[in-house]
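Before any comments, here is the structure.
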Amino acid sequence: MEALHISNSLTRRKEKFQPLNPPFVGMYVCGPTVYSNVHLGNVRTFLTFDIVYRYLQLLNFKVRYVRNITDVGHLTGDTDDGEDKIGKKARLENLEPMEVVQQYTNDFHDVMDLFNILRPSIEPTATGHIVEQIESIKKILANGYAYEVNGSVYFNVRKFSEDHPYGELSGRKIDELMNNTRELDGQSEKRDPLDFALWKAANSSHLMQWPSPWGQGFPGWHLECSVMSTKYLGEKFDIHGGGMDLKFPHHECEIAQNIGATRCDCPVNYWMHGNMLTVNGRKMAKSEGNGFTPEELVTGNHKLLDKGYSPMTVRFFMLMGHYASTLDFSNEALQAAEKGLSKLEKAMETLSKLNPSAGEGTFDVESFENRCRAAMNDDFNTPILIATLFEGVKAINGAAAGLVALRAEDITSLQKTFQSFLREVLGIQSEKGSQEKQSNNSESEALLDLIVTMRTKAKANKDWATADKIRDVLSAYGITIQDSKDGSSWTRN
RNA sequence: GGUCCGAUGGCCGAGUGGCUAGGCUCAGCUCUGCAAAAGCUGCUACAGCGGUUCGAAUCCGCUUCGGACCUCCA
């Protein structure tokens, strides 16, 4: 595709991307609730929007990327007597709620760094925007779409739906929702089961609470995203993202609140939803007990893991599937990703050492670059991009084997394309570099060079026993010796 | 129960009316002292049954199976 197209959850169509205010793009993504460690499923969603962010930047858009931290403890259930998650954790671990928040925010950041997921432009917190949330509730009340009961304020969904469509994003019909709403205890304050809280009154034992015109309490879960996206991106902005599981009710409520507060007809132009990471066909979730932490993944210390996988292997694995499809986790798939990635990295190295050939080139690098771009333009299709990059790998290896001719400018151009698409867009870093920094120094390098030279001598003397012994011993230390016509070389695994 | 989505070769995964990705695995070959790497070749799939069409994995219908959401969830 010649221009970027995005699958819009709101219209259920693939649409040409047209920012409201080019070259500026506003993107809001629902971030984590920081009351526990993030698992791999969470990582997938943030990775999806990392790719969006990176690619928009490659297209020279000036992106303001806002991703929130939910640090208000929302209730564990939809009942008035439910305990809030952060408060619960704080009580159990005998910590201040904000200590819990800090701890898991730090963890979240560490995990994002581990997977090379870029920081957003603004990372606002719910607790930092209590004032704005209260102001927003006032507006919604003034517009007649909310009501107060005993110090709590609820959004009036039925009233709202009389004036505006409700349920467009998630494809719900308000009457169907009515029929399927389960009877829950403690909802007596709501006039209608579909209504949701904008502000909840808190009793004195509730740890996180703030004063408001309606008394002591805390904001409803959906409100912070409406308020913070409006504050930093405006009443109308380009892209809103999040996990598929947030579509309903969270995003539906967000839309209603935005419209309810600002009377803007359509707050977001493009809604994007990342699909779930599954394990044995089931959604990875804490409640299923099938989630891994990044640490378990890297060390392989989990009953579902055969071995550990590097962060870049995991990143690459996730990008081998399209963000809008479910992706099933398996050891086999991870291993395939590991090998594929290593092939790609090796080709990058080969490329840097390639001797240019004179005369005509036999690989169309311009078309290659265009196909990489076209893949991403088609709704960020990373699997197609990866498949295309492997065509480049084939050309590079072919050139090394003397079957493909690459001129000096072809090599430069290929390097540029790999740099742009593999490193900058897919965000795949070379893991070798970081390892070498830790375990390598000029001394060991000199020693290894010496050993390889000695082995070459042994080979020249047809002393295979010595040559093989050297290779075996080095192999045990994770160093691979490769022989070719031009001589021997060593690499760390 | 309601709403929606999916079912692709040994595995993972794109594609979505004709040209039938890619990675991994497996087998054979080339290269090599042997390996490794790389290259070449082979393995031709679209859940089932009907229908539309000159032509369908791709559109329509039904069936079977799986999943997500409907409650906090990325």
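Letters A, B, ... are given to chains in the order of the sequence lines, protein chains preceding strands, and every chain is numbered from 1.
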B:A74 and B:A68: how far apart are their C1' atoms, nearest whole angstrom? 13 Å

Between B:G33 and A:Asp468, counting only base atoms on the nucleotide and side-chain atoms on the residue, is there a donor-acceptor pair under 3.5 Å? yes

Nearest to the side chain of A:Ile384 - B:A14, B:C69, B:A36? B:A14

Is it true that atom NZ of A:Lys307 has more than 12 heavy atoms of other residues, nucleotides or ligands lying nearer than 6.0 Å? yes

For atom CD of A:Glu345 and atom C1' of B:A38, their distance in whole Å: 17 Å

Using both distances under 3.5 Å as the test, list the Watson-Crick or G-U wobble partner of B:C4, or none. B:G67

A:Lys283, nearest nucleotide to its side chain (from B:C69, B:A37, B:G33): B:C69

Answer with base, sugar-phosphate or nothing: what part of the nucleic acid does A:Ile481 contact at a heavy-atom distance below 4.0 Å? base

Just the rounded figure in Å: distance from C1' of B:A74 to CG of A:Asn42. 5 Å

Output the single nucleotide from B:G33, B:A74, B:G23 whose closest atom is nearest the side chain of A:Phe390. B:G23

Using a heavy-atom cut-off of 4.0 Å across all strands, would you classify A:Ala333 as base, sugar-phosphate, or nothing? sugar-phosphate

Quick one: label A:Gln335 by what it contacts on the DNA or RNA (base, sugar-phosphate, nothing), any heavy atom closer than 4.0 Å. nothing

Once you round it to whole Å, what is the distance between P of B:C11 and CZ of A:Phe329? 18 Å

Can you figure out which of B:A36, B:G33, B:G39 approaches the side chain of A:Leu403 most closely? B:G39

Should B:C40 form a Watson-Crick or G-U wobble pair with both distances under 3.5 Å, which nucleotide is its partner? B:G28

So what does A:Gly41 touch, heavy atoms closer than 4.0 Å: a base, only the sugar-phosphate, or nothing? base

Quote, to the nearest angstrom, the P distance that separates B:C60 from B:C5. 11 Å

Say we look at B:A47 and B:A7: how far apart would their P atoms be, to the nearest angstrom? 7 Å

Atom P, compared across B:G66 and B:A57: separation rounded to whole Å: 26 Å

Quick one: does A:Asn275 reach the base of B:C5 with a side-chain donor-acceptor pair under 3.5 Å? no

Please assess A:Tyr309 against A:Gln335 for the test side chain to side chain contact (heavy atoms under 4.5 Å, CB included), listing each intermediate value before the final yes or no. CA-CA 8 Å; A:Tyr309 299 94; A:Gln335 268 155 37; 3.0 Å; yes

Select one nucleotide: of B:A74, B:G33, B:C40, the one nearest the side-chain heavy atoms of A:Leu246. B:A74

Base, sugar-phosphate, or nothing for A:Lys173, non-hydrogen atoms under 4.0 angstrom? nothing

Students often get this wrong, so: under 4.0 angstrom with heavy atoms, is A:His322 touching a base, only sugar-phosphate, or nothing? sugar-phosphate

What is the nucleic acid contact for A:Met276, judged by heavy atoms within less than 4.0 Å: base, sugar-phosphate only, or nothing? base

Can you check the A:Asn331 CG to B:C11 P distance for me, whole Å? 16 Å

Of A:Ala401 and A:Thr388, the one whose closest nucleotide on RNA chain B sits nearer the 5' end is A:Thr388

Could you work out the separation of B:A56 and B:A45 based on their C1' atoms and round it to a whole Å? 15 Å

The nucleotide from B:U25, B:A74, B:G33 with an atom nearest the side chain of A:Lys339 is B:U25

How many angstroms lie between atom CZ of A:Arg471 and atom OG1 of A:Thr466, to the nearest 0.5 angstrom? 12.5 Å

From the set B:G23, B:C69, B:G22, return the single nucleotide nearest to any side-chain atom of A:Ala336. B:G23

Would you indicate what A:Ser325 reaches in the nucleic acid, counting non-hydrogen atoms under 4.0 angstrom: base, sugar-phosphate, or nothing? sugar-phosphate

Comparing A:Arg12 with A:Met244, nearest RNA chain B nucleotide closer to 5' gives the residue A:Arg12

Would you name the heavy atoms of A:Gly31 and A:Arg67 that are closest together and state the gap between them? CA-CG, 3.9 Å

What's the gap between B:U8 and B:G67 when it is taken at their P atoms, as a whole Å value? 14 Å

Should the heavy atoms of other residues, nucleotides or ligands under 6.0 Å from CD of A:Glu93 be counted, would the total exceed 12? yes

If you measure from CG on A:Asn275 to CG on A:Asp245, what distance do you get to the nearest 0.5 Å? 9.5 Å

Would you indicate which nucleotide in B:C24, B:G33, B:A21 comes nearest to any side-chain atom of A:Pro383? B:A21

Between B:G13, B:A74, B:G22, spot the one nearest the side chain of A:Asp328, thanks. B:G13

Using the C1' atom as the reference point in each nucleotide, state the distance between B:G48 and B:C11 in Å, no decimals. 23 Å

Mind checking A:Leu341 for me? I need base, sugar-phosphate or nothing, with any heavy atom below 4.0 Å counting as a touch. nothing

Is it true that, when you exclude A:Arg12 itself, more than 12 heavy atoms of the residues, nucleotides or ligands shown sit nearer than 6.0 Å to its CZ? yes

Examine the base of B:A35 for any acceptor or donor lying under 3.5 Å from a partner atom in the side chain of A:Arg471, and report the outcome as yes or no. yes

Pair A:Phe108 and A:Phe46, ring centroids less than 6.0 Å apart: yes

Specify the separation, in whole Å, of atom CZ of A:Arg282 and atom P of B:A7. 19 Å

Touch class at under 4.0 angstrom, heavy-atom based, for A:Asn397 against every strand present: sugar-phosphate

Specify the separation, in whole Å, of atom CD of A:Glu332 and atom C1' of B:U25. 10 Å

Determine, stepwise, if the pair A:Gln102 / A:Asn106 fulfils side chain to side chain donor-acceptor pair (under 3.5 Å). CA-CA 6 Å; A:Gln102 190 65 54; A:Asn106 290 347; 3.0 Å; yes

note: A:Ile174, atom CD1; B:C70, atom P; distance rounded to Å ~ 17 Å

Aromatic ring of A:Trp464 stacked on base six-ring of B:G33, 5.5 Å, 30°: yes

Provide the distance between the two P atoms, one in B:C24 and one in B:A37, to the nearest whole Å. 11 Å

Checking all strands, does A:Lys343 fall into the base, sugar-phosphate, or nothing category for heavy-atom contacts under 4.0 angstrom? sugar-phosphate

Does the base of B:C4 carry an N or O that pairs as donor and acceptor with the side chain of A:Arg172 under 3.5 Å? no

Distance check needed: B:U71 P versus A:Asp195 CG, whole Å only. 13 Å

